[in-house]
Amino acid sequence: MAEHLGESTPTRKIVIERTRARVIARHGADCVRLPSQATAYRILSELERRHPLFRLAAKRNRDIADRPEGPYGKLRPTRPGEYMLMDTTRLDVFAFDPLTLRWVQAELTVAMDWYTRCITGLRVTPVSTKAVDVSAVLFQCFRPRPAGRDWPRGALWPEHGIPRAVLVDVEGATGAGLASPPVVPETLVVDHGKVYVSEHLTSVCRRMGISLQPARLRTGRDKGPVERFFRSLREGLLEALPGYKGPDIHSRGENPEGDAFFFLDELEAIIREWVAVVYHCRPHAGLVDPGVPGLRMSPAQMFEHGMARAGYIEVPRDPCLAFEFLATKWRTVQHYGVEIDRRRYRGPGLPAPGIRSPYDGPGKNSWPFQVDPDDITRIFFRHPDTRAWHTLVWEHAPAARMPLSEDALAFARKLAAAKHRYPDDRLAVAGLLDRWNLGLGTTLAERRMALRLSREQAGIDLPATEELAPAALPSVRRALGHGSESVAAPVLREEAVEGGDDDAADDLDGDGGFYADALEDV
């Protein structure tokens, strides 16, 4: 039975037959008295309790076999921001494609403070998640999103980050409020996904002084609280939305794609509101104070407890902090400007070609430039003397007439090379826009590029330099067409208590392990 853990799930009959054949080959025929078929099946049933092989999913059986023999160990956070958990999961609900008006898969990336279980950042992305999306979620820990216009007052966080419970004059707190508390992460606990070990995220953590602590391979319990949050989100919100497809293919309805009508930004706004209104205000079984046995606190109350214990969390006040979360490219300055991946940029504030760089970069006399992979029409440069940020514009940016991603430009160059003998970026961009305007962009690669460009909400709200202005987040009620009217929410029981992250192993994956990677290869 142990030899079949790495293979597909076998039947009981073939395990019995292989065992009998091995006994005969080792000891000879009629030398060992073999049990009857009924006895063999009964023995397998007894061994199944200790070594699961037949009744659970194959992946779940491997996870059980990889459990350590000794007691479980876990990190013990003592204050908010000490450990920040980040993970990505595929949502069990379809979203709407604004390009082809068809359903599309969506992924959710969240950042959770381990001490308080507060969700400090989240982002919904089409098809798959990129490193810039993870960096945008990390940026929300420092600069939380603004709260909705019609959220209840108990779900809002003051803009200065101090909870209202510790204020002397509660009514004196002004402002629209924030959707989550600002937290300065000290250590990021991530898995070994490509986006979490990328140069983009590691360089951001290096600049911000954040340590990276990768979880152990194939060990989901190292990030147990955030895995439990994904299950709470599915059971508390997603299953009540149209387009819900279930945790696995066996739970899928007849036509869940036909019910999907939420766009990606609308779905993110709904999840963000549920987190602020329901999840942050609901008691959590894993949030306890050893000095007060039996007390169950919500993530919002636990944040107040952490404030009283560790003091006020000082978040960096630099108004241009968002530029630090973009990808860094080290390039030299030439007489024509700066060249990045065959794209040339120029603009005010760029040092002269003969000036020596004060940075110790990977190349000789190289300068750091911040690049947004979802909008390559401009890059950003910080002058070392004045410490002011400057915007450098791509020479073919007027031909794009819209934000253009790196993937879209690479695909446009490929199309132009197949059509023109001497293609350039201007022809490539024009050809790609014509193709999309004619409705020909229906391949999977083109749909993913257009989906990222069609989002109304930017990943990182970049501050204005010369001509830059941030985009506004649409509210959930305006997206649903209700205006300022109230929208019916899923009925929640007041006595419902959020499950802790110390649940039994089978409770963390009640679907037999199939939900974890059901559509991993789609």
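Using modelled atom types, no side-chain atom of D113 and backbone atom of M84 make a donor-acceptor pair closer than 3.5 Å. Not a single donor-acceptor pair under 3.5 Å links the side chain of D191 to the backbone N or O of A215. The backbone N or O of L188 lies less than 3.5 Å from no partner atom in the side chain of Q213, so there is not a single donor-acceptor pair. Proximity of a side-chain donor or acceptor of E266 to a complementary backbone N or O of F263 within less than 3.5 Å is detected. Under the 3.5 Å distance criterion, the side-chain polar atoms of H280 are left unmatched by any main-chain donor or acceptor of S298. Formation of a donor-acceptor pair under 3.5 Å by the R272 side chain with backbone atoms of L122 is found in this model. Of the possible polar contacts, one joining the T120 side chain to the A111 backbone as a donor-acceptor pair under 3.5 Å is found. Looking at D375, its side chain never comes within 3.5 Å of a backbone N or O of D372 through a donor-acceptor pair.
For F142 and F325, the ring centers are positioned less than 6.0 Å apart. Between F369 and W330, the distance from one ring center to the other does not fall under 6.0 angstrom.
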- prompt: side chain to side chain contact (heavy atoms under 4.5 Å, CB included) between R145 and Q140: does it pass, once the steps are laid out?
  reply: CA-CA 7 Å; R145 292 284 184 182; Q140 294 179 24; 3.9 Å; yes

message: Between V315 and R143, does the side chain to side chain contact (heavy atoms under 4.5 Å, CB included) criterion hold? Intermediate values first, please.
response: CA-CA 9 Å; V315 180; R143 294 289 189 273; 3.6 Å; yes

- request: Show your working on side chain to side chain contact (heavy atoms under 4.5 Å, CB included) between E273 and I270 and close with a plain yes or no.
  value: CA-CA 5 Å; E273 183 174 0; I270 293 173; 5.9 Å; no

message: Please evaluate residues E107 and T129 with respect to the criterion side-chain hydrogen bond (donor to acceptor under 3.5 Å, both in side chains), reporting the C-alpha separation (whole Å), side-chain torsions for both, the decisive distance (0.1 Å), and the verdict.
response: CA-CA 7 Å; E107 287 191 351; T129 305; 2.8 Å; yes

- prompt: Step by step, would you call Y279 with I119 a side chain to side chain contact (heavy atoms under 4.5 Å, CB included)?
  reply: CA-CA 9 Å; Y279 180 78; I119 302 299; 4.0 Å; yes

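For the pair P225/M112, a side-chain contact is recorded, criterion being any heavy-atom separation below 4.5 Å from C-beta on. Residues F262 and L241 have side chains in contact (heavy-atom distance under 4.5 Å, counting atoms from C-beta outward). The shortest distance between side-chain heavy atoms of D87 and V190 does not fall below 4.5 Å. Under the 4.5 Å side-chain criterion, counting only non-hydrogen atoms from C-beta, I64 is in contact with L56. Residues V137 and M86 have side chains in contact (heavy-atom distance under 4.5 Å, counting atoms from C-beta outward). For the pair L178 and L156, the minimum side-chain heavy-atom distance is 4.5 Å or more. Here the side chains of V183 and E82 are not in contact, with every heavy-atom distance at 4.5 Å or above. For the pair V104/V127, a side-chain contact is recorded, criterion being any heavy-atom separation below 4.5 Å from C-beta on.
A salt bridge links R382 with E324: the closest approach of a Lys/Arg side-chain nitrogen to an acidic carboxylate oxygen falls below 4.0 angstrom. Taking 4.0 Å as the cut-off between side-chain N and carboxylate O, R343 and E339 do not count as a salt-bridged pair. Ion pair E227/R231 not flagged as a salt bridge, since none of the NZ, NE, NH1 or NH2 atoms sits closer than 4.0 Å to an Asp/Glu carboxylate oxygen.
Y196 and T88 share a side-chain donor-acceptor pair at under 3.5 Å.
Considering all non-hydrogen atoms of both residues, P316 and V184 come closest at CD-CG2, 4.1 Å. Of all non-hydrogen atoms in Y244 and V93, the two that sit nearest each other are N-CG2, 3.8 Å. Across all non-hydrogen atoms, the minimal contact from F139 to L321 is CE1-C, 4.2 Å. Smallest separation of non-hydrogen atoms from A131 and S198: CB-OG, 3.4 Å. Across S128 and T125, no two heavy atoms sit closer than the pair O-OG1, 3.4 Å. Closest of all the heavy-atom pairs between I210 and P185 is CG1-O, 3.6 Å.
Just one residue in the list R207, E199, H200 forms a side chain to side chain contact (heavy atoms under 4.5 Å, CB included) with T328, and that residue is R207.
To the nearest 0.5 Å, atom OG1 of residue T109 and atom CD of residue E268 are 10.0 Å apart. Distance check, rounded to the nearest 0.5 Å: OG of S203 to CD of Q370 gives 8.0 Å. Taken from OG1 in T187 to CH2 in W114, the straight-line distance is 11.0 Å, to the nearest 0.5 Å. Distance check, rounded to the nearest 0.5 Å: CZ of R344 to NE2 of H396 gives 9.0 Å. A distance of 8.5 Å separates CG of L91 from CZ of F230, quoted to the nearest 0.5 Å. Interatomic distance, CG of D92 versus NZ of K245, reported as 4.5 Å (0.5 Å rounding).
F229 and W274 have tilted rings, their planes meeting at an angle from 30° to 60° on a 0 to 90° scale. Note: F323 and F380 have tilted aromatic rings, judged against thresholds of 30 and 60 degrees for the angle between ring planes.
Taking Y83 as the reference, nothing meets the ring pair (Phe, Tyr, Trp, His ring centres under 6.0 Å) condition, with sequence neighbours excluded.
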